[in-house]
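What follows is a short report on a single structure.
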Protein chains: 2
Amino acid sequence: MVSKENPRPGGRSARVQAAVHHAVREMLTGMDRADVTIPLIAQRANVTPSTIYRRWGDLQELLAAVAASRLQPETEPQRTGSARTDLQAWAEQYADEMSSGAGRQMIRDVLAVSDTANAEKCCSYTQQQLRLIVARAEEQGEAFPTLTELMDFVVSPIMYRILFDQVPSRDYVRGLISRVMPEGAAKS
Amino acid sequence: MVSKENPRPGGRSARVQAAVHHAVREMLTGMDRADVTIPLIAQRANVTPSTIYRRWGDLQELLAAVAASRLQPETEPQRTGSARTDLQAWAEQYADEMSSGAGRQMIRDVLAVSDTANAEKCCSYTQQQLRLIVARAEEQGEAFPTLTELMDFVVSPIMYRILFDQVPSRDYVRGLISRVMPEGAAKS
DNA sequence: TGGCTAAAAGCAAATAATTTGCGTTAGCGA
DNA sequence: TCGCTAACGCAAATTATTTGCTTTTAGCCA
């Protein structure tokens, strides 16, 4: 299956998408967000505005698509010796990236549109990363929370704070992890 | 202090705000969201579009303001006999309301704008409700989680799932509550 | 009470964004 | 190589947004 978001590579459609995404990323870093308009993006990407309108619908949906693709992790979680410390390092980085101005904005962009596909994509990216850490723990016979527990009690509180409240501190993230680790390992 | 969002009651400014909010609420329940435009809202509210543009900026900000005001709870959490069951009833209702199409949309509207004031308002509404339940538990000497624990391990996971994943089921919400209750009372 | 003032609303012209119909092109499969 | 179709370009028509200026209104003080 070749979806609109992942066109056959090399084709014209793919080139247009790449040019538009690239133009958006450039413009988001370097000018006031309110000045980013579809006609401007089109100009930078060397396409006509109507191409963008027909393909993405409106600015929000385009921004959501770009944000989702930027939220995809490029590397797997760093190895630090134990699954526990892997988790801690991963969570701290996750919180940092998502709390930054750019990160918050990308999340908001993803959530702003009514199409839930992009948001679900982000969620599954996170789960993929965590699954890797869980698998490492299993390999080494390390007692570890389940994926669901990690999503509910580490990822969710971090994300809630970023979206609705104050950005989470490093200590806060550590506290969440201590809370969710199996009893025997509850102390850092 | 009389802010733009809470003008002196009875004045012209307040009448305009009420008319516009009312028009928005009406239009959101009864027509396709994509057809809700500022010129149309202005017409229904009997004001000129420029009034809305000057006061709210754009459609997203207006929708965010309306959504935040609709997310304010009207009543305090129902009394069901114990703080534990109060919490359960409250959480189930919260999850239901927020998972509904209208609820999800209101949350998205609130999060879509870069001004975080509305999102923080929603968070504080939730905290106010939970504080009442925590206070009831204290009055009766019932062992109970702290407000922070409730926000982190009940509210956050529910909200994360609504925004990024599948809507939470009733059993899921009950599970969260069991997990967060003090050990002695962990069994329902 | 009766003006005075500043904030907010109305109006309309100018600008900018969005939609749409139609012709063109590039890439894919036969 | 030769269509065929999906996607793009172009431009006109529509619609939304901005803006300068005028008018109204509520609050305030003499």
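Because only heavy atoms are used, hydrogens play no part in the values below, and waters and symmetry mates are left out as well, while side chains stay in. Labels below follow one simple rule: chain letters A, B, ... track the order of the sequence lines, proteins then strands, and each chain is numbered from 1.
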Has A:Q140 got more than 12 heavy atoms of other residues, nucleotides or ligands less than 6.0 Å from its CD? yes
Would you indicate whether B:E26, at its atom CD, is surrounded by more than 12 heavy atoms from other residues, nucleotides or ligands within a distance under 6.0 Å?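 For B:E26, atom CD is crowded (more than 12 foreign heavy atoms under 6.0 Å).
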Is it the case that the side chains of A:S13 and A:R55 hold a donor-acceptor pair, with the cut-off being a distance below 3.5 Å and no angle test?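 Yes, A:S13 and A:R55 have a side-chain donor paired with an acceptor closer than 3.5 Å.
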Would A:R131 and A:Q128 count as having a side-chain donor-acceptor pair, cut-off 3.5 Å? no
Would the base of [N] count as contacting [X] through its side chain, where contact means a donor and an acceptor less than 3.5 Å apart?
{"X": "A:S13", "N": "D:dC8", "value": "no"}
{"X": "A:S50", "N": "D:dC10", "value": "yes"}
{"X": "A:R55", "N": "D:dG9", "value": "no"}

Where does DNA chain D pair, written as one dot-bracket string 5' to 3', with Watson-Crick or G-U pairs under 3.5 Å, ( ) inside the strand, [ ] for crossing pairs and | for another strand? ||||||||||||||||||||||||||||||
Suppose the criterion is side chain to side chain donor-acceptor pair (under 3.5 Å): which pairs have a residue in residues 28-38 of chain B, not counting sequence neighbours?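 Output for this query lists B:R33-B:D109.
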Polar atom pairs (N or O), protein with nucleotides 23-25 of chain D, under 3.5 Å:
residue	atom	partner	partner atom	Å
D:dT24	O2	B:R12	NH1	3.4
D:dT24	O2	B:R12	NH2	3.3

Rounded to the Å, how far apart are [X] [atom1] and [N] [atom2]?
{"X": "B:L59", "N": "D:dT15", "atom1": "CG", "atom2": "C1'", "result": "14 Å"}
{"X": "A:Y53", "N": "D:dC10", "atom1": "OH", "atom2": "C1'", "result": "15 Å"}
{"X": "A:R54", "N": "C:dT19", "atom1": "CZ", "atom2": "C1'", "result": "8 Å"}

Note, [X] side chain near [Y] side chain (heavy atom, < 4.5 Å):
{"X": "A:R136", "Y": "A:E142", "answer": "no"}
{"X": "B:Y94", "Y": "B:Q129", "answer": "no"}
{"X": "A:V20", "Y": "A:Q17", "answer": "no"}

Can you name the side chain to side chain donor-acceptor pair (under 3.5 Å) partners of A:S82, sequence neighbours left out?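 Here the qualifying residues are A:T85.
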In terms of relative ring orientation, are B:H21 and B:W56 parallel, tilted or perpendicular, with 30° and 60° separating the classes?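 B:H21 vs B:W56 ring planes: tilted.
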List in chain and number order the residues that pass ring pair (Phe, Tyr, Trp, His ring centres under 6.0 Å) with B:Y53, two or more places apart in sequence or in another chain; answer none if no residue qualifies. none
Expected output is a numbered-order residue list: members of residues 34-48 of chain A with a heavy atom under 4.0 Å from any atom of DNA chain C. What is it?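 Heavy-atom cutoff 4.0 Å gives A:T37, A:I38, A:P39.
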